[in-house]
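Encoded as structure tokens, the structure appears first; notes follow it.
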Amino acid sequence: QVHLVESGGGSVESGGSLRLSCAASGATSTTSCMAWFRQAPGKEREGVAGIDSLGRISYADFVKGRFTISRDNAKTTLYLEMNSLKPEDTAMYYCAANRIHCRDMTAVQALNVLRTTDWGQGTQVTVSS
């Protein structure tokens, strides 16, 4: 099991930037896919971006060109650099980890339903217009 703790959320104006971090501990050596999800009030949780141990990165269409996912080589910290933020980006952002690889967003989205996925507690991002 991997313990995940997110940080870096906050309130910004439209067009602003934030950098989210996710500190991982525990069974990180067996982790491949690490990803960011988000959930807005009244909406389902959705995948934002993912990265796996083979270095493959994927993004949801609604964040391409604005968000950048990265992680350190030790796989202990996951980041999400968010630029050009929009009010519709307002949501609780969650970090997720799983042993599976995630070559594309279809695989990333699968973390949402796998019982083997570990989740953080979330960090709130609020973007005002």
Side-chain angles (χ1 to χ4, degrees):
Q1 188 176 6
V2 179
H3 183 60
L4 303 167
V5 179
E6 302 94 335
S7 61
S11 297
V12 297
E13 293 186 348
S14 181
S17 299
L18 283 173
R19 189 192 196 203
L20 305 183
S21 297
C22 171
S25 60
T28 57
S29 62
T30 61
T31 296
S32 178
C33 184
M34 295 189 75
W36 289 98
F37 284 75
R38 70 185 189 185
Q39 187 168 23
K43 295 188 176 181
E44 294 186 351
R45 188 167 55 193
E46 60 184 357
V48 175
I51 181 170
D52 71 9
S53 59
L54 299 179
R56 295 175 293 195
I57 293 174
S58 53
Y59 296 98
D61 287 344
F62 53 79
V63 301
K64 282 182 180 177
R66 300 188 299 123
F67 292 10
T68 302
I69 189 172
S70 62
R71 73 182 186 188
D72 65 356
N73 290 334
K75 296 186 291 184
T76 57
T77 308
L78 181 71
Y79 303 99
L80 185 68
E81 186 76 34
M82 304 187 296
N83 298 313
S84 302
L85 283 162
K86 306 174 182 179
E88 51 263 45
D89 293 319
T90 295
M92 185 72 78
Y93 283 72
Y94 297 92
C95 177
N98 198 294
R99 294 184 177 189
I100 68 167
H101 296 303
C102 48
R103 60 185 296 175
D104 53 29
M105 282 307 296
T106 298
V108 171
Q109 293 285 11
L111 269 63
N112 227 347
V113 297
L114 292 173
R115 288 188 288 180
T116 53
T117 299
D118 294 308
W119 295 93
Q121 83 291 344
T123 186
Q124 178 67 39
V125 172
T126 303
V127 184
S128 59
S129 57

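Count residues from 1 along the sequence.
Between the side chains of S32 and H101, at least one donor-acceptor pair of N or O atoms lies under 3.5 Å. Between the side chains of N98 and T116, at least one donor N or O sits under 3.5 Å from an acceptor N or O.
At least one donor-acceptor pair closer than 3.5 Å links the side chain of E6 to the backbone N or O of Q121. Checked by atom type and distance alone, the side chain of T90 pairs as donor or acceptor with a backbone atom of P87 at under 3.5 Å. The backbone N or O of R45 lies less than 3.5 Å from a partner atom in the side chain of N112, making a donor-acceptor pair. Judged by distance alone, the side chain of Q39 and the main-chain N or O of M92 form no donor-acceptor pair under 3.5 Å.
With hydrophobic clusters built from ILVMFWY side chains whose heavy atoms lie under 4.5 angstrom apart, V63 shares a cluster with W36. Residues L111 and I69 do not share a hydrophobic cluster, defined by chaining ILVMFWY side chains whose heavy atoms lie under 4.5 Å apart. In this structure, M34 is not a member of the same hydrophobic cluster as F37, with clusters built from ILVMFWY side-chain heavy atoms closer than 4.5 Å. When hydrophobic clusters are built by joining Ile, Leu, Val, Met, Phe, Trp and Tyr residues whose side-chain heavy atoms come closer than 4.5 Å, directly or via intermediates, F67 is grouped together with I57. Side-chain heavy atoms closer than 4.5 Å link hydrophobic residues (I, L, V, M, F, W, Y) into clusters, and following such links, possibly through other members, connects L18 to V127.
D61 has a carboxylate O that lies under 4.0 Å from a charged side-chain N of K64, or vice versa, which qualifies the two as a salt bridge.
Side-chain contact between V125 and L20 is present, with at least one heavy-atom pair separated by less than 4.5 Å. When side chains are defined from C-beta on, T68 does not count as touching Y79, because their heavy atoms never get closer than 4.5 Å. Using a 4.5 Å heavy-atom threshold, the side chains of F62 and E46 count as touching.
For the pair S70 and L78, the tightest heavy-atom approach, listed with the atom from each and the gap, is O-CD1, 3.4 Å.
Distance OG1/T117 to CG/L4: 10.0 Å, rounded to 0.5 Å. The CG atom of L80 sits 14.0 Å away from the CZ atom of R71 when rounded to the nearest 0.5 Å.
R66 pairs with exactly one of M82, K86, E81 by the side chain to side chain contact (heavy atoms under 4.5 Å, CB included) rule, that one being K86.
No more than 12 heavy atoms of other residues, nucleotides or ligands sit less than 6.0 Å from atom CZ of R103. Under a cut-off of 6.0 angstrom, the local environment of CZ in R99 is sparse, with at most 12 non-hydrogen atoms contributed by other residues, nucleotides or ligands.
For residues 97-129, every residue pair satisfying the disulfide bond (SG atoms under 2.5 Å apart) rule, not counting sequence neighbours, is listed here: C33-C102.
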